[in-house]
There are 4 protein chains.
Amino acid sequence: MDFDNNKPIYIQIYDSIRDRILAGDFAPDERIPSVREYGAMVGVNPNTVMRTYEKLTADGVIYTKRGMGYYVSPNAKEVIMENDRKSFMENELPTIVNRMKLLGIDPSVFNDYFEK
Amino acid sequence: MDFDNNKPIYIQIYDSIRDRILAGDFAPDERIPSVREYGAMVGVNPNTVMRTYEKLTADGVIYTKRGMGYYVSPNAKEVIMENDRKSFMENELPTIVNRMKLLGIDPSVFNDYFEK
Amino acid sequence: MDFDNNKPIYIQIYDSIRDRILAGDFAPDERIPSVREYGAMVGVNPNTVMRTYEKLTADGVIYTKRGMGYYVSPNAKEVIMENDRKSFMENELPTIVNRMKLLGIDPSVFNDYFEK
Amino acid sequence: MDFDNNKPIYIQIYDSIRDRILAGDFAPDERIPSVREYGAMVGVNPNTVMRTYEKLTADGVIYTKRGMGYYVSPNAKEVIMENDRKSFMENELPTIVNRMKLLGIDPSVFNDYFEK
DNA sequence: GTGGTCTAGACCACC
DNA sequence: GTGGTCTAGACCACA
């Protein structure tokens with residue numbers, strides 16, 4: 001796995017695991033690789049993977065069983081979708097609209113683009 | 001002025017000055033506040049403002065007269081609009097639409113939000 | 001049985017067995033399930049149950065007959081009650097009261113909660 | 001500062017800072033020592049202090065200004081009190097009451113103890 | 001084996 | 001100077 005230097009590695013792993021869960025690569029209650037395994041796979045230090053797993057746990061996307069590993073939450077997909085939708089509506093949408101107004105771009109471009 | 005901690009302050013000032021130029025707060029060839037003044041206004045170290053002014057100068061949005069200060073370029077608005085519209089239509093719009101499709105968000109939210 | 005991840009599982013099993021003895025689920029000199037059986041029941045590795053049984057044996061709450069299994073001590077209830085009451089009154093009660101005072105919580109919450 | 005080996009150091013620092021805020025050692029919007037300073041003071045690695053600060057930030061007890069340091073939230077005291085009260089009522093009270101019932105301890109001990 | 005904590009040391013962007 | 005990220009390596013309790 002190769003990383004973009006402008007973004008923390010642990011965030012990039014975070015994004016990629018969320019994507020893989022959404023894509024169905026990891027099923028609910030399935031065990032995901034240990035921090036050591038995953039670190040070896042993508043070529044980063046286990047500590048860095050740990051940080052990703054901590055964040056995903058805080059989100060409620062995965063959970064941990066002591067001494068056994070990390071598992072995908074049963075409702076992981078819903079949690080991810082819900083978080084993203086919320087963040088889009090509350091944070092991104094306002095700033096996008098604001099910019100479009102300043103740039104004089106009409107909202108109809110979205111309808112047009114959607115149909116393609 | 002209050003800042004978002006996830007973005008460099010000098011970029012946030014950069015954005016805000018560009019917005020103010022688009023909004024007409026600063027007219028072409030008008031002098032903008034010195035780094036010291038501006039820093040005091042927004043509660044920030046002059047060094048940080050300096051960094052903003054350097055970036056705006058590199059963009060061609062403002063220019064400097066030695067010993068006199070910084071001035072808005074005659075064609076500042078056009079420069080900003082040109083760059084931003086292009087980048088918006090080519091880069092941002094596609095990724096936004098893509099995300100919205102994944103999240104199942106309807107393009108009509110834009111029309112709705114615009115009216116507010 | 002579902003476990004709280006902040007506490008070792010063998011301790012949680014330990015607590016639960018003590019509770020069951022106090023509640024009369026296990027009578028004095030009655031045989032308790034083998035580590036294998038108990039592990040299967042609660043979905044845990046026999047090693048983990050073993051650790052619990054060792055601790056209970058050290059406490060004098062159960063005893064072992066070689067080749068036959070583990071049995072509840074005749075005076076198990078008394079041992080548990082004795083230890084716990086003392087430790088509760090001397091150690092826990094003072095710190096609980098102290099915290100409640102700091103947090104401004106009235107002792108009446110206990111009377112209220114008891115009735116439920 | 002000397003630490004209890006049974007508890008993570010970063011949690012012990014976390015507790016101690018919360019206590020100091022409640023005690024008024026750190027005022028609202030006051031800057032707290034940098035991770036390096038604090039680490040040197042209590043004799044731990046800055047990374048460990050960082051972990052404490054991250055947790056306090058997640059709680060809303062402190063906030064960070066980029067490149068400048070960490071500051072006590074204006075409503076830090078209220079946040080701490082509220083969190084503690086909630087955790088007491090939801091987590092501790094039920095388990096305490098449960099144990100008292102098993103041990104046959106009457107809730108009146110609290111009223112008695114409070115008056116001392 | 002697993003997660004979890006901690007250290008020492010490094011490098012970066014930002015202020 | 002500050003926070004923030006990352007590595008390498010260590011040690012521990014737990015399963």
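Values below: every heavy atom of this structure, side chains too, minus hydrogens, waters and symmetry copies.
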Practice task
Return the minimal non-hydrogen interatomic distance between A:Leu102 and B:Met81, and the atom names on each side.
Solution key: O-SD, 3.7 Å
Practice task
Rounded off to whole Å, could you give me the CG-to-P distance for the B:Asn6 and F:dG3 pair?
Solution key: 16 Å
Tabulate atom names and distances for all N/O pairs under 3.5 angstrom spanning the protein and nucleotides 8-12 of chain E.
unit_1	atom_1	unit_2	atom_2	d
E:dA8	N7	D:Asn45	ND2	2.9
E:dA8	N6	D:Asn47	ND2	2.8
E:dG9	O6	D:Asn47	ND2	2.9

Problem - B:Asn5 CG - F:dG4 P separation (whole Å) - result: 8 Å
Exercise for the section: Please determine, for the side chain of A:Arg51, which listed nucleotide (F:dT5, E:dC14, E:dG3) has the closest atom? Expected result: F:dT5
Exercise for the section: Have a look at A:Tyr53 and say if it touches a base, only the backbone sugar-phosphate, or nothing, with a 4.0 Å heavy-atom cut-off. Expected result: nothing
Exercise for the section: Choose from F:dG4, E:dG3, E:dC15 the nucleotide whose nearest atom is closest to any side-chain atom of D:Thr64. Expected result: F:dG4
Completion exercise
In DNA chain F, consecutive runs of at least three Watson-Crick or G-U pairs below 3.5 Å, as range with range, amount to E:1-14 with F:1-14
Practice task
Between A:Ile9 and C:Ile9, just flag the one whose closest nucleotide in DNA chain F comes earlier from the 5' side.
Solution key: A:Ile9
Exercise for the section: For C:Lys7 and F:dC14, give me the distance from atom NZ to atom P, rounded to whole Å. Expected result: 12 Å
Exercise for the section: For D:Ile62 and D:Phe26, run side-chain contact (heavy atoms from CB on, under 4.5 Å): C-alpha distance rounded to whole Å, both residues' side-chain angles, the deciding distance at 0.1 Å, then the answer. Expected result: CA-CA 11 Å; D:Ile62 62 179; D:Phe26 294 128; over 6 Å; no
Exercise for the section: Name the closest nucleotide to the D:Met50 side chain, picking from E:dC14, F:dG3, E:dT5. Expected result: F:dG3
Completion exercise
The residue among A:Asn75, A:Val72, A:Ile80 that forms side-chain contact (heavy atoms from CB on, under 4.5 Å) with A:Val61 is A:Ile80
Exercise for the section: Would you classify A:Gln12 as touching base, sugar-phosphate or nothing, given that sugar-phosphate means primed atoms plus P, OP1 and OP2, and contacts are heavy atoms under 4.0 Å? Expected result: nothing
Practice task
Report the nucleotide, chosen from F:dT7, F:dG4, E:dC6, that has the shortest atom-to-atom distance to any side-chain atom of A:Thr48.
Solution key: F:dT7
Exercise for the section: Rounded to the nearest angstrom, tell me the gap between atom OH in D:Tyr63 and atom C1' in F:dG3. Expected result: 15 Å
Exercise for the section: Only pairs at least two apart or in different chains count here, so list each side chain to side chain donor-acceptor pair (under 3.5 Å) that has a residue in residues 52-63 of chain A. Expected result: A:Tyr14-A:Asp59, A:Asp29-A:Tyr63, A:Glu54-D:Arg51
